[in-house]
Amino acid sequence: MSAANAPLHRRSIAELREALAEGRVSAVELVEHFLDRIQRLDRRLNALITVTGEQALTQAREADARRARGQARPLEGIPILHKDIFCTEGVRTSCGSRMLDNFVAPYDAAVVSRLREAGAIMLGKTNMDEFAMGSSNETSWYGPVRNPWDLERVPGGSSGGSAAAVAARLAPAATGTDTGGSIRQPAALCGVTGIKPTYGRVSRWGMIAFASSLDQAGPMAPSAQDCALLLQAMAGFDERDSTAMDEPVPDYAAALERPPDRLRIGLPREWFGDGLDAGVAQVVEAALGVLTELGAELREVSLPSLKLSVPAYYVVAPAEASSNLARYDGVRFGYRCREPRDLHDLYVRTRSEGFGAEVKRRILIGTYALSAGYYEAYYRKAQQIRRLIREDFLRVFAEVDLLAGPTSPTPAFRLGERTRDPVAMYLSDVNTIAVNLAGLPGMSVPAGFSQELPVGLQLVGRDFDEGRLLAVAHRFQQATDWHRRTPSHFD
Ligand code: GLN
C-alpha cells in the first residue's frame, strides 16, 4: 500500500507532513481521526489519563489557518501525546499519582512548549507509573496500561501509556522520560522506537522530577525517522534548566541520510549472559546479522562494572527521589488529607494517602541511604560505582562507535507477574540503567518478535551522538519492516 492511500494512522510523520503540505489532508481531519481512535480503542488499553480534544481541535484549526497563510512550522498539525509527567498549562498533570490527581499546572514544560512552537498538537496525556517509578505501568493511580500486542501483558514502564498508545497508533508519536530505562524498555515491549538522549540534551524544565541527575526526556514513535523529527524540536539549551547543555543541535533528519562511515559495534558480554530469554537472544542475533550486512563490524566488549548498575541505581535514584518528593506535603498544591488535626497529622496523612506503595518504598530507601551514618556506606559508594560505570563505557568507546544488544532481557511479562517481587521488577531494566548512570544516549529499535511479542534492540552511543544512533536505526529500518507491524486488534 502506498503512503498516499494508507490509513492516516499507518503513516509516518514525514508522510503526514507531506500530505498536510500538499493539502491532501488537513490538521483538523488528522486530529479528528486520532481522537476517534482514542475514543474507540483506549478503553482496552487505558493508555491515556486525560484527553484534550477541544483544545486539540482549536489548535488544529489554527494550524490549518497558519498553513493557508504560508506560515507552517516543521511539525505543523502533527498530533502527539505527552507523558503525564510534563506540566501542561491549564491541563491536569498527575504524574500517575493520587498526590497530583487535582493538580493543574500553571505553565508548560519546556518539552511541551517547544513541540507546540514547532506546530505539534497535543491530543492528551499518557498514563505512567506513579512518579515514573516502575517498569510495568502497574504503579499508576489510574490503573495499569495493557500491552496492545497481548492485553494480558504489561506495556513496560514507566512510559507505558506512551508506548502502548503509539503501538496501537492512537497518535503518531508521544513523549516519554527515562531515568533508568523508561523510554527504551516500554518501547521494546510494545514494538516502537524510542530514544533517551544524552543527559542535558533536552531541558528538564517543567518535567516533574524523579531522580534529577538521571531523568531525561525523549520521543517515542514508530520509526527512527519520526523520532529524529521530534527530537529536533525537543533538544537544545534552556537557561531555566541548569543541567541543560549549551551544545548546538545537529540536523537529525540530515544525519539520517548521511552515508555511515566505518561502523564498529561493540556487543557487551554482560548483556548476553544469564537471564537473557532464548527467544529474545535469537531476535537480537538476527538483528545484528542485518547490521553486519549493512557493513557494521561487530566485536565483543566487556563492561565489568555493569553488574553493579542496578544496586547503585537503587541507591542514587531513591536518594534523589526522597529529596524531590519532599515537596508534596499537602500545603501548597496537590492532594491534602481531610480534616487534619495539626500540621504533623497533615503531613503524615497526606503523604500516606497520596503516595502509592512503590513511591513510599523509594522514599524510605532514599531517606535511609542519605541519613547520617549510612551516607558514606551507601550514597557515596553508589556515586563511586557510578563513576566506574561511566569509565567502563568511555574505555569501550575508544574502540567502538556504538554498543548493541537486547533492550530488555525478556519480552512483555504478564500483568501481576512481578508486582510482588520488587527486585524482579527492578531487574527488568538491567540492560538500560547503566546508560542513565553514565549519562549516555540510548535507544530501542523494534527488531522482531518472540512468541508474537515484540523485541527491542538497544543501541547506546557516545555523549551527544544521537545523530549516529538515529542514522543506524534508520538504516536498519530501511532494511527491515518490524517497526511497521501493528497489533492485529488495532489495525
Ligand atoms: N524502572 C526504573 C525505576 O523504577 C526506571 C524508571 C524510569 O526510567 N523512570 O526506577
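Below, all heavy atoms of this structure are taken into account, side chains as well, without hydrogens, waters or symmetry copies. Computed from a predicted structure; not experimentally measured. Start at 1 and go down the list; that is how both ligands and their atoms are numbered.
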For this session: Using distance alone, decide if ligand 1 has a nitrogen or oxygen within less than 3.5 Å of any nitrogen or oxygen in Thr177.
Result: no

Problem set entry | Check: Gly181 N/O within less than 3.5 Å of ligand 1 N/O | yes

Exercise. Does some non-hydrogen atom of Arg362 fall short of 4.0 Å from ligand 1?
Worked result: yes

Problem set entry | Tyr314 touching ligand 1 at heavy-atom level, < 4.0 angstrom | yes

Exercise. Where the side chain of Arg386 meets the backbone of Ala438, is there a donor-acceptor pair that is under 3.5 Å apart?
Worked result: no

Seminar exercise, completed: Counting from 1 in the order shown, the ligand 1 atoms closer than 4.0 Å to a non-hydrogen atom of Ala132 are 6 (C), 7 (C), 9 (N)

Exercise. At a 4.0 Å threshold, what atoms of ligand 1 neighbour a non-hydrogen atom of Ser158?
Worked result: 9 (N)

Exercise. Aromatic rings Phe355 and Phe131: how do their planes relate, parallel, tilted or perpendicular, breaks at 30° and 60°?
Worked result: perpendicular

Seminar exercise, completed: for atom 10 (O) of ligand 1, nearest protein heavy atom and its distance come out as Tyr313 OH, 2.6 Å

Exercise. How close does the nearest protein non-hydrogen atom get to atom 1 (N) of ligand 1, and which residue and atom is it?
Worked result: Asp429 OD2, 2.5 Å

Exercise. What is the minimum heavy-atom distance between Ala404 and Ile265, and which atoms define it?
Worked result: CB-CG2, 3.6 Å

Problem set entry | Sub-4.0 Å atoms of ligand 1 with respect to non-hydrogen atoms of Phe210 | 9 (N), 10 (O)

Problem set entry | Donor-acceptor under 3.5 Å (Asn147 side chain, Val154 main chain) | yes

Problem set entry | Min N/O separation Gly180 to ligand 1 under 3.5 Å | yes

Problem set entry | Subset of ligand 1 atoms that lie under 4.0 Å from at least one heavy atom of Met133 | 4 (O)

Problem set entry | Evaluation steps, side chain to side chain contact (heavy atoms under 4.5 Å, CB included), between Gln216 and Thr179 | CA-CA 6 Å; Gln216 186 62 196; Thr179 304; over 6 Å; no

Problem set entry | Atom of Pro454, atom of Pro411 and distance for their closest heavy-atom approach | O-CB, 4.2 Å

For this session: For Ser162 and Thr126, test the side chains for any donor-to-acceptor distance below 3.5 angstrom and give the result as yes or no.
Result: yes

Exercise. Just one of Thr175, Asp241, Val111, Asp215 clears the side-chain contact (heavy atoms from CB on, under 4.5 Å) bar with Met207, so which one?
Worked result: Asp215

Problem set entry | Nearest option to atom 9 (N) of ligand 1, as decided by whichever heavy atom of Gly157, Ser182, Ser428, Ser135 sits closest | Ser182

